[in-house]
2 protein chains.
Amino acid sequence: MTGQRRAILKALEGDTTHPTADMVYHKVKKEIPHISLGTVYRNLKMLSESGHILEIEIADGPNRYDYRTEQHYHFHCDHCGFVYDVNLAYQQALNDELTQAGFLVSRHDIQFHGQCPKCQGQLSH
Amino acid sequence: MTGQRRAILKALEGDTTHPTADMVYHKVKKEIPHISLGTVYRNLKMLSESGHILEIEIADGPNRYDYRTEQHYHFHCDHCGFVYDVNLAYQQALNDELTQAGFLVSRHDIQFHGQCPKCQGQLSH
DNA sequence: ATATTTGCAAACGCTTTGCAAAATT
DNA sequence: AATTTTGCAAAGCGTTTGCAAATAT
């Protein structure tokens, strides 16, 4: 466990904005100025594979990272680009339907799109 | 409407394998050998924006294209990589829950992962 | 002393784009 | 004749990787 990895994990802790790798890089750079972007990518990958953080795939955009690792869904605002956590129970019933059709379902993910409360009423773009 | 665009659309018609842009390119190339990959990308983009085809975002992989444009979900086999259509009703109720939370939901998408019927029982990788 | 990780830069895969030539309207 | 689209090649973006030096075990 190097200082870099610790700093990356700490940067994510308590951050609910779902930052991209580049955002994490700039945040950590303030503390460790000589850190490289490659190191950030490497550690985010490792940490998500070991289950310490969550990697969120965004349609048409860089991945985002989340300290909150329990399965949950996301809402992506098409106006401001912000990614919100969605308070919605895990839809196990959907998996069950696929199981009946012969699929072995390991997981599913749901992304919502639209406008967030803050952006409603504003001209889009 | 050029021959290229017509050929691209025809290549997709009746194809249920959700091909990538590159797969479409190779398929159309047999008919129009001098077609370029850029043209295929440009037309797939146009056709999906005009609603003639569907662009499917795949986590960690190239986009795939579908002649079937009604909203439907997909199952991605982690073993063979094949993308299946999922026979599942549109989950409007999920949108309604987000609406109650103040979001203006324009759409949602669900991706399932696991092993398809064909790959079950085989050693993974 | 050994194994792991870093910084750097180059390469990667997928997609988009600038431009002059060609095809379409 | 005016507009759109093409082929080509270069560039774009996000991400991964090879390698020698530095750090951690």
Side-chain angles (χ1 to χ4, degrees), chain A residues 1-12 17-50 52-66 74 76 78 81-83 109 111 125, chain B residues 1-12 17-50 52-66 74 76 78 81-83 109 111 125:
Chain A
M1 168 75 52
T2 60
Q4 284 86 333
R5 185 164 311 160
R6 204 174 300 113
I8 288 165
L9 196 54
K10 210 182 79 197
L12 241 18
T17 67
H18 310 91
T20 63
D22 199 63
M23 290 167 182
V24 172
Y25 168 62
H26 283 101
K27 195 168 175 182
V28 172
K29 209 177 167 62
K30 288 175 186 161
E31 199 184 328
I32 307 175
H34 58 83
I35 197 172
S36 80
L37 186 53
T39 295
V40 173
Y41 270 104
R42 256 186 304 237
N43 278 297
L44 289 174
K45 174 71 52 180
M46 283 179 178
L47 289 167
S48 62
E49 280 171 357
S50 62
H52 289 89
I53 61 173
L54 207 68
E55 188 177 63
I56 307 168
E57 313 264 359
I58 298 291
D60 268 341
N63 288 348
R64 289 162 177 273
Y65 298 89
D66 199 342
H74 293 96
H76 186 245
D78 290 330
F82 196 86
V83 175
D109 196 23
Q111 297 89 35
H125 251 289
Chain B
M1 168 74 53
T2 60
Q4 285 86 332
R5 186 165 309 160
R6 204 175 300 112
I8 288 165
L9 196 54
K10 209 183 77 198
L12 240 19
T17 67
H18 310 92
T20 62
D22 200 63
M23 291 169 182
V24 173
Y25 168 63
H26 283 102
K27 194 168 175 181
V28 172
K29 209 176 168 62
K30 288 176 188 164
E31 199 184 330
I32 307 175
H34 58 82
I35 197 172
S36 80
L37 187 55
T39 296
V40 173
Y41 269 105
R42 255 185 303 237
N43 278 297
L44 289 173
K45 174 71 50 182
M46 282 179 179
L47 289 167
S48 62
E49 280 171 355
S50 63
H52 290 89
I53 62 173
L54 208 67
E55 188 177 65
I56 307 168
E57 314 263 0
I58 298 289
D60 268 342
N63 288 349
R64 289 162 178 272
Y65 297 89
D66 199 341
H74 294 97
H76 186 245
D78 289 330
F82 196 86
V83 175
D109 196 21
Q111 298 91 34
H125 248 285

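A note on names: the letters A, B, ... follow the listed sequences, proteins ahead of strands, and every chain is numbered from 1.
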For A/Ile53, which of A/Val24, A/Asn43, A/Leu44, A/Asp66 qualifies under side-chain contact (heavy atoms from CB on, under 4.5 Å)? A/Leu44

For B/Thr2 and C/dT24, is the shortest distance between a side-chain N/O and OP1 or OP2 below 4.0 Å? no

Side chains of B/Ile8 and B/Arg5 in contact at under 4.5 Å (non-hydrogen atoms): no

Under-4.0 Å side-chain N/O to phosphate OP1/OP2 contact, A/Lys45 with D/dT15: no

From the set D/dT16, C/dT15, C/dC8, return the single nucleotide nearest to any side-chain atom of A/Tyr41. D/dT16

Nearest to the B/Arg42 side chain among D/dC8, D/dT15, C/dT15, which nucleotide is it? D/dC8

B/Asn63 side chain N/O closer than 4.0 Å to the phosphate oxygens (OP1, OP2) of C/dT15? yes

Rounding to a whole Å, what distance do you find between B/His34:NE2 and D/dT5:C1'? 13 Å

What is the distance, to the nearest angstrom, from the CD1 atom on A/Ile8 to the P atom on C/dT5? 12 Å

Pairwise side-chain contact, A/Gln111 with B/Gln111, heavy-atom cut-off 4.5 Å (strictly under): yes

Starting at atom CD of A/Glu55, determine the distance to atom C1' of D/dT16, rounded to an integer number of angstrom. 12 Å

Between OH of B/Tyr65 and P of C/dC14 the distance, given in whole Å, is 12 Å

Rounded to whole Å, how long is the line connecting atom CD1 of A/Ile58 with atom C1' of D/dC13? 16 Å

May I ask you to evaluate whether A/Gln4 reaches the phosphate of D/dA24, defined as a side-chain N or O under 4.0 Å from OP1 or OP2? no

So, is B/Arg5 close to the D/dT5 phosphate, meaning a side-chain N or O under 4.0 Å from OP1 or OP2? yes

Can you identify which nucleotide, out of C/dT6, D/dG7, C/dG7, has its nearest atom closest to the B/Ile35 side chain? D/dG7

Would you sort out whether B/Lys45 and B/Tyr41 count as a side chain to side chain donor-acceptor pair (under 3.5 Å), showing the intermediate values? CA-CA 6 Å; B/Lys45 174 71 50 182; B/Tyr41 269 105; over 6 Å; no

Considering only D/dT5, C/dG7, D/dT6, which nucleotide approaches the side chain of B/Met46 most closely? D/dT5

Side chains of B/Tyr65 and B/Glu55, heavy atoms from C-beta outward: is any pair under 4.5 Å? yes

Atom CE of A/Met1 and atom C1' of C/dA3: how far apart are they, to the nearest Å? 16 Å

Nearest-angstrom distance from the residue atom CD1 of A/Ile32 to P of C/dG7: 8 Å

Identify whether any heavy atom of B/Asp22 sits under 4.0 Å from a base atom; if not, whether one sits that close to sugar-phosphate; answer base, sugar-phosphate or nothing. nothing

A/Arg6 CZ - C/dT5 C1' separation (whole Å): 13 Å

Hey, which of these two, B/Val40 or B/Asp60, hits DNA chain D nearer its 5' end, going by closest nucleotide? B/Val40

Think B/Ser36 has a side-chain N or O under 4.0 angstrom from the OP1 or OP2 of D/dT6? no

